[in-house]
Amino acid sequence: MRRGLLVCAVSFAALAAGVGGPQGLSRVAQAADVSPSVYAPISPQRMSDAMKVLGSDAFEGRAPGSPGEARTVAWLIEQYKQIGLEPAGENGGWTQRVPLQHTRVGKPDLLQVAYAKNTLPLEQTKDVYFTTGHGVDRLKIQNAALVFVGYGVHAPERGWDDFKGVDLKGKIAVFLINDPDFDAKPDEAVAGKFGGRAMTYYGRWTYKYEEAARRGAIGALIVHDTAGAAYEWSTVIAPGGESFDIAQSGENQPVLMQGWISTPAATKVFAQAGLDLPALRVQARQASFKPVTLPKARFSLNVPVEVSHLESQNVLGKLTGSKHPDETVMFGAHWDAFGMSKDAQGHEVIRHGAIDDGSGVAGVLEIARAFKAGPQPERTVMFASWTAEERGLLGSAWYAAHPMAPLEKTAANFTMDVLQMAGPSHNVFMVGAGQDTVQDDVAAAAEKQGRVMLPEAMPERGAFYRADHLPFARAGVPVAALMDMAGYPDLLKGGVPAGRKWLQDYMVCYHQACDAWSPDWDVRGAAEDVALLYTVGRALAFSQGWPQWKPGSEFAATRAKSAAVRGGQ
């Protein structure tokens, strides 16, 4: 992908004035293979222009708390104003304050595993990668025992407990990534118990860190493998030792050290303790598995930590409903990316985030324009640009805990994160398909476009648990999320092979500097997806219907508790 650079003469003031001016225009591909009516009223050109601005060097990768955040937030507010939205933030403003703690670990003075007769030194970013969410000036762990807990899953409803009462207090818990049935063969008893290749929340790294903290571990290391994690080691180490979190205390405090260990390093650590990691992987797929303490192996770490506290911002706009202003339909995407960091060669780079998630933000802006151009919606429609998604869905999670509109009367949340730039397609993928009825509505809208909606083709990536709709789902709000990383587009030009090439090429740039704007993009495929969510959201905004979770969904019970405020629905 080509890097999209701003001409030096283009000032930030010019950018803030809006997209679409002569210097901001890209030549969006326009072929005769699909009618613009398929993605109307969404403009691929305006989407491309917005991504060019958001992915430019001037925004420095849009890291929370950076000068790039200030420029991004100012630009977004200006766009909201130009569209004609109303402020939906705190105190009548455009933003919602999100208090964050930022930490960055330095170069370790000590990082090793000591055995009875020898010591194995480890190297940050090569062998392990760790961060901390604690506000300490030095991260110290001295001679902590290492305990292999398999997949680290405690799921009574599935008859599964990897912990078997083991005491993890003051110890390092070592996990496998994904679910116990991820690598299972068809004849193994665990096969299908956790959805097969589809990742459950138990398979996410966030769950494993949470479980380690609940059980008193001082540290957590997840053994990385590309298939189970769904991304390369380069993606793991990309944050450069920094971590953002919402400051917690007491029982909600995260584990002191959290991180990953590469498979080669983990294999060596286990081998020097006399253990066979590949064999233990197989054992961990059995319900009878019990945690294994690495014999005479002690983990030590001593590293300085830079700590700062900052306030980041969600940017919120709305159109107030004409008949039911207390009921809300929400569209959202995250404005943040990974900012500036050093690459593997030590060079400073900007991780532009033009597609992740400049594409989603561009979609939100287009949907807002479409609503504003039409009649006033009967329900309130909110347009959200979230902070700190890349740091753990922090901005959306903060909103879900401190909503600016009642979640009990939020009809649905529509999220866009990583839309494809390869052109019109025959298909579209829904992450977490089958969870609720609003997803069915999106499928019906896709059919009217002449397309077919499919469940995600790579459910092992756990995409449903990796975007800003998740805090809303956990709060009971029905959701529909489009993420074009979820499968290979069947492109009108080139079919699935061309779609596979696009996604494979993009994944090389995922969270990297090369996720940058290109004039070669065909944004019409992304516009088709945005139009889908607009169509379904618009129908909800002019109705009194309440989407429902499907029977068996893990989120249905939470929604049911507030059914009375929706007339029993």
Side-chain angles (χ1 to χ4, degrees), residues 113 122 127-130 144-155 158-166 168 171-185 188-215 217-233 235-237 255 257-295 297 299 458-462 465-466:
V113 177
L122 299 173
D127 302 312
V128 298
Y129 176 77
F130 61 85
L146 291 152
V147 183
F148 176 63
V149 295
Y151 289 89
V153 171
H154 178 66
R158 299 176 192 241
W160 200 272
D161 177 23
D162 281 328
F163 295 98
K164 307 295 194 300
V166 65
L168 290 178
K171 300 173 183 177
I172 307 295
V174 182
F175 297 82
L176 297 175
I177 190 61
N178 219 298
D179 294 310
D181 61 354
F182 177 72
D183 286 321
K185 296 177 174 58
E188 293 185 55
V190 71
K193 185 176 281 289
F194 290 86
R197 299 289 285 184
M199 184 188 288
T200 69
Y201 189 59
Y202 295 118
R204 284 287 288 150
W205 55 268
T206 49
Y207 167 80
K208 297 175 193 297
Y209 292 157
E210 291 165 2
E211 197 66 40
R214 281 191 285 268
R215 296 174 181 273
I218 197 171
L221 288 173
I222 301 171
V223 180
H224 175 268
D225 68 80
T226 299
Y231 39 76
E232 303 279 350
W233 183 253
T235 299
V236 170
I237 68 175
V255 67
M257 180 206 71
Q258 56 191 35
W260 298 75
I261 181 168
S262 71
T263 290
T267 302
K268 188 180 296 185
V269 168
F270 277 61
Q272 294 206 17
L275 298 174
D276 183 342
L277 179 57
L280 287 171
R281 284 180 179 271
V282 176
Q283 293 177 29
R285 301 202 294 265
Q286 302 170 22
S288 60
F289 168 83
K290 293 182 179 180
V292 177
T293 299
L294 276 65
F299 180 91
M458 292 164 277
E460 66 273 15
R461 292 181 171 179
Y465 306 99
R466 293 170 59 178

A.B. asks: Check the pair Trp160 / His154 against side-chain contact (heavy atoms from CB on, under 4.5 Å), numbers first and verdict last.
C.D. replies: CA-CA 6 Å; Trp160 200 272; His154 178 66; over 6 Å; no
A.B. asks: Grab the two heavy atoms, one from Ala220 and one from Tyr209, that are nearest each other, plus how far apart they are.
C.D. replies: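 Closest pair (atom of Ala220, atom of Tyr209, distance): CB-CD2, 3.8 Å.
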A.B. asks: Judged by atom type as modelled, is there a donor-acceptor pair below 3.5 Å linking the side chain of Asp181 to the main-chain atoms of Gly196?
C.D. replies: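 Yes.
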A.B. asks: I'd like to know if Arg281 pairs up with Asp225 as an ion pair, taking the criterion as any Lys NZ or Arg NE/NH1/NH2 lying under 4.0 Å from an Asp or Glu carboxylate oxygen.
C.D. replies: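 So Arg281 pairs with Asp225 through a salt bridge.
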A.B. asks: How close do Val190 and Ala184 get, counting heavy atoms only, and between which atoms?
C.D. replies: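 For Val190 and Ala184, the tightest heavy-atom pair comes out as CG1-CB, 3.6 Å.
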A.B. asks: To the nearest 0.5 Å, how far apart are CZ in Phe148 and CG in Leu176?
C.D. replies: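 If I round to the nearest 0.5 Å, the distance is 4.0 Å.
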A.B. asks: Assess the side chains of Asp179 and Thr200: does a donor N or O sit below 3.5 Å from an acceptor N or O?
C.D. replies: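 Checked: Asp179/Thr200 side chains pair up, N/O donor to acceptor below 3.5 Å.
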A.B. asks: For the side chain of Glu188 and the backbone of Lys185, is there at least one donor-acceptor N/O pair under 3.5 Å apart?
C.D. replies: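 Yes, because the side chain of Glu188 sits within donor-acceptor range (under 3.5 Å) of the backbone of Lys185.
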A.B. asks: Can you tell me how far the CD atom of Glu210 sits from the CZ atom of Arg215, to the nearest 0.5 Å?
C.D. replies: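 Those atoms lie 12.5 Å apart.
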A.B. asks: Grab the two heavy atoms, one from Pro180 and one from Ala284, that are nearest each other, plus how far apart they are.
C.D. replies: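 Residues Pro180 and Ala284, closest heavy atoms: CB-O, 4.4 Å.
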A.B. asks: Determine the sole option in Trp205, Trp260, Tyr129 for which the side-chain contact (heavy atoms from CB on, under 4.5 Å) test with His224 is passed.
C.D. replies: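 Considering Trp205, Trp260, Tyr129, a side-chain contact (heavy atoms from CB on, under 4.5 Å) with His224 is found only for Trp260.
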A.B. asks: Give, for atom CG of Asp161 and atom OG of Ser288, the distance between the pair rounded to the nearest 0.5 Å.
C.D. replies: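 One finds 12.0 Å between CG of Asp161 and OG of Ser288.
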A.B. asks: Looking only at heavy atoms, what is the nearest atom pair of Leu294 and Ala273, with distance?
C.D. replies: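 Nearest heavy atoms, Leu294 then Ala273: CB-CB, 4.1 Å.
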A.B. asks: To the nearest 0.5 angstrom, please state how far the OH atom of Tyr201 sits from the CZ atom of Phe194.
C.D. replies: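 Taking OH in Tyr201 and CZ in Phe194, the distance rounds to 15.0 Å.
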A.B. asks: So, does Thr235 use its side chain to make a donor-acceptor pair with the main chain of Tyr231 at under 3.5 Å?
C.D. replies: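 It does not hold such a pair.
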A.B. asks: For Lys193, does its backbone N or O pair with a side-chain atom of Arg158 as donor and acceptor, under 3.5 Å?
C.D. replies: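 Flag set: sc Arg158 to bb Lys193 pair under 3.5 Å.
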A.B. asks: Would you give the length of the straight line joining atom CD1 of Ile177 to atom OG1 of Thr226, rounded to the nearest 0.5 angstrom?
C.D. replies: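 Reported value, rounded in 0.5 Å steps: 11.5 Å.
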A.B. asks: What I want to find out is whether Glu211 reaches Lys208 closely enough, with some N-O distance under 4.0 Å, to be called a salt bridge.
C.D. replies: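 Result for this pair is no, no salt bridge flagged.
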A.B. asks: Would Val147 and Val166 count as a side-chain contact (heavy atoms from CB on, under 4.5 Å) here? Give the steps.
C.D. replies: CA-CA 9 Å; Val147 183; Val166 65; 4.3 Å; yes
A.B. asks: Which is it for Arg285 and Asp183 under the side-chain contact (heavy atoms from CB on, under 4.5 Å) test, yes or no, and what are the steps along the way?
C.D. replies: CA-CA 8 Å; Arg285 301 202 294 265; Asp183 286 321; 3.8 Å; yes
A.B. asks: Considering non-hydrogen atoms only, spot the tightest contact between Ala144 and Ile172 and give its length.
C.D. replies: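 Heavy atoms of Ala144 and Ile172 come nearest at CB-CG1, 3.9 Å.
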A.B. asks: Any side-chain heavy atom of Gln258 sitting closer than 4.5 Å to one from Phe130?
C.D. replies: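 No - every pair of side-chain heavy atoms lies 4.5 Å or more apart.
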A.B. asks: I'd like to know whether the aromatic ring centres of Tyr151 and Phe289 sit less than 6.0 Å apart in this structure.
C.D. replies: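 No - the distance between ring centres of Tyr151 and Phe289 does not fall below the 6.0 Å cut-off.
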A.B. asks: My understanding is that only one of Leu277, Val223, Val149 makes a side-chain contact (heavy atoms from CB on, under 4.5 Å) with Val174; could you say which?
C.D. replies: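 The option that passes is Val223.
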A.B. asks: Looking at every non-hydrogen atom in both residues, tell me the closest pair between Asp276 and Pro278 and how far apart they are.
C.D. replies: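 Shortest heavy-atom contact: OD1-CD, 2.7 Å.
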A.B. asks: Distance from Ile261 atom CD1 to Lys268 atom NZ, nearest 0.5 Å?
C.D. replies: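 Here the interatomic distance stands at 10.5 Å.
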A.B. asks: Please check: side-chain N/O of Asn178 versus main-chain N/O of Gly203, any donor-acceptor pairing under 3.5 Å?
C.D. replies: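 Side chain of Asn178 to backbone of Gly203: no pair is present.
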A.B. asks: With a 4.5 Å limit on heavy-atom distance, are the side chains of Leu275 and Pro295 in contact?
C.D. replies: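 Yes. Closest side-chain heavy atoms under 4.5 Å.
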